[in-house]
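Atom set for the values below is all heavy atoms of this structure, side chains included, hydrogens, waters and symmetry mates excluded. Quick caveat: nothing in here was measured; it's all calculated off a predicted structure.
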Amino acid sequence: MIYTLTTPLYYVNDKPHLGSTYTTVACDALARFQRLEGHEVVFVTGVDEHGQKIQRTAAAQGISPIDHCNRVTASYEKAWNEWDISHDRFVRTTSPRHLPLVQQFFQRCEEAGDIRSGRQTGWYCVGCEEFKDDPAEAINPTCSIHQKPLEWRDEENLFFCLSHFQEKIEALLNQSDFIAPASRRKEIQNFVAGGLRDFSISRVNVEWGLPVPGHQGHTFYVWFDALLGYLTALLDDGGSIDLERLNAVGWPANQHVIGKDILRFHAVYWPAMLMSAGLPLPRKVFGHGFLTREGQKMGKSIGNVLDPEVLLNRCGTDAVRWYLLRDIQFGDDGDFQQQRFVDLVNNDLANTIGNLLNRTSSMSRKWFNESTPIVDSEDSDGHALRQAAETAITSVREAMPSMAFQKAAEAILQLAIQANGYLNDQAPWSKMKKGGQDAEVAVDLYGVLESARLVGWLLKPLVPDLSERILSQLNQPSNATLWTGELVWGGLESGHPLPQPQPVMQRLELEETL
RNA sequence: GGCUCGGUAGCUCAGCUGGUUAGAGCGUGGGAUUCAUAACCCCAAGGUCGGGAGUUCAAGUCUCCCCCGAGCCA
């Protein structure tokens, strides 16, 4: 049973910004979790490269569209590589494999009687690649999103008969778990209730697009072509491009993770297209929120854009991943606040977790021959921290599948906090001073080290690098592909050598504003 | 203009189907401790739950009106 997960296919207008990084990191955490749980995962990401906007952006730079695409796409690949994203597929809509898939899909829709031609006249925004509803007699209307003048169009287009799917789409949206988070459902339902209108899926005079078979001069509308990239990605396993193969390679997707702005395309247009082509529907569409910065929308005009590359180079993946996943309720809008970012990373990662490991490992080495203490299984099994550890494990496993990263992170932190508290209560350093209580101290430290080992494993999907450093500090192999066998109390070996402790997480000291 | 989602401690937010003195984390102040990354632990101050009216024995939690913010559609 394959677990298929997708990010949006990002539009290659510019290099990745913080928003696309956020989405991708979140998907990465989920993908890693599902793999550790034993699922065969296909994690898809990629880029959407067609459309008039790309054509014009390239022209403005005096380069060909494909050169522009190659350049921007390379920046995505580089970024995901640096962020250590564990995607299985990276699809490009300019890939030669994509064209036959789009044409096959289109033919199915055409044969199903869901394609018609029609005249489309009206004001068009190239930025949105959409016709607007401004009245025909409007003089110099502008797009409210892009603040750019609309262009008058009068052309023959092919239309997808979305109107044929009114009832079916309504029924789909009535399923309580199709759109997540639930708070976004009504907006889409109301949109659909207003009556679905056919939408055009081809353009004339846009050369930078895939040709529509049997319709000279038409290229596919970017959205039609882009959504199909998900299918191309799945078929990109060395086999043939054949829609019949889809269910063997991971379709339907378990989850499309997207920004809330493109929820309509994924929850309405896309399912209808799939229905027309006789293909199964994705199980869930998750529309997450947007990030602001210090309470303000990020934008070039305000000049407050936070570049993920700067963030990465200055602070590292762990810090940023942790902050984004732990502090922002995935689904809701979130605000990036630098001071809070620094505070949380230092408190949670460096102090609570890092220092816990550091202090305990240091004690254990000092008093138990540079190793973990030797305890018998009875003492280990009945350890005071065992319950806390098992609670944390259960919570993480419950929270992660629904992308409740915040809950998972809190559960892990809770275990570390309890272990720190336990140490302070037991005060092994005092016992050692008094003498004669080595056996008791051994049990105390074993339980804390074991908790740290579990924290290390539980952090793996969220902050994989830090996880590895924690486990290696405990002299544990971290290369297991499954964590089922690891997430069991008592896994830490008695009398196991411990390396000289090194801080696993540096405190962030940011003097400057990033 | 219609619709959707928010408005709870300085900050970010939890508060399910209405029910004891409204919670957490961060920040701030104080204390304790020394194993540790000036760390960890404990304690404290701090809120008329956007405003108003209503339903109820009882409302942050339900109804209506208004104000503010974000977004979707016009």
Sequence neighbours left out, cut at 3.5 Å: what donor-acceptor pairs do the side chains of residues 429-436 of chain A make with other protein atoms?
residue: Lys431(A); atom: NZ; partner: Gln426(A); partner atom: OE1; Å: 3.2
residue: Lys431(A); atom: NZ; partner: Glu440(A); partner atom: OE2; Å: 2.9
residue: Lys431(A); atom: NZ; partner: Asp444(A); partner atom: OD2; Å: 2.7

Summary of side-chain hydrogen bond (donor to acceptor under 3.5 Å, both in side chains) pairs that have at least one residue in residues 361-380 of chain A, sequence neighbours excluded
Arg365(A)-Gln500(A)
side-chain contact (heavy atoms from CB on, under 4.5 Å) partners of Ala389(A), counting only residues at least two apart
Leu415(A), Leu454(A), Trp489(A)
Dump every N/O contact between nucleotides 24-34 of chain B and the protein below 3.5 Å, one line per pair.
residue: G25(B); atom: N2; partner: Arg340(A); partner atom: NH1; Å: 3.0
residue: C26(B); atom: O3'; partner: Asn347(A); partner atom: ND2; Å: 3.2
residue: C26(B); atom: O2'; partner: Asp343(A); partner atom: OD2; Å: 3.4
residue: G27(B); atom: OP1; partner: Asn347(A); partner atom: ND2; Å: 3.3

With the threshold set at under 4.0 Å for non-hydrogen atoms, list the residues of residues 392-406 of chain A touching RNA chain B in residue-number order.
none
With sequence neighbours excluded, residues passing salt bridge (Lys or Arg N to Asp or Glu O under 4.0 Å) with Asp381(A)
none
When Watson-Crick pairs (N1 to N3 and N6-O4 or O6-N4) and G-U wobble pairs (N1-O2 and O6-N3) count only below 3.5 Å on both distances, what is the dot-bracket string of RNA chain B, with | for other-strand pairs?
(((((((..((((.....[...)))).((((.........)))).....(((((..]....)))))))))))).
In a table with atom names and distances, give each donor-acceptor pair under 3.5 Å that connects a side chain of residues 267-276 of chain A to protein atoms at least two apart or in another chain.
residue: Tyr269(A); atom: OH; partner: Arg264(A); partner atom: NH2; Å: 3.4
residue: Trp270(A); atom: NE1; partner: His256(A); partner atom: NE2; Å: 3.1
residue: Ser276(A); atom: OG; partner: Asp114(A); partner atom: OD2; Å: 2.7

Show every side-chain hydrogen bond (donor to acceptor under 3.5 Å, both in side chains) that has at least one partner inside residues 189-203 of chain A, sequence neighbours left out.
Arg116(A)-Asp198(A), Gln120(A)-Ser200(A), Tyr124(A)-Arg203(A), Ser163(A)-Asp198(A), Asn174(A)-Gln189(A), Ser200(A)-Arg203(A), Ser202(A)-His218(A)
Got a sec, which residues hit side-chain contact (heavy atoms from CB on, under 4.5 Å) with Ala26(A), two or more places apart in sequence or on another chain?
Leu325(A), Phe330(A), Met403(A), Phe405(A)
Residues two or more places apart in sequence or in another chain: which of them pass salt bridge (Lys or Arg N to Asp or Glu O under 4.0 Å) with Glu82(A)?
Lys78(A)
Write out all pairs satisfying salt bridge (Lys or Arg N to Asp or Glu O under 4.0 Å) with one or both partners inside residues 344-353 of chain A, taking only residues at least two apart or from two chains.
Arg326(A)-Asp348(A)
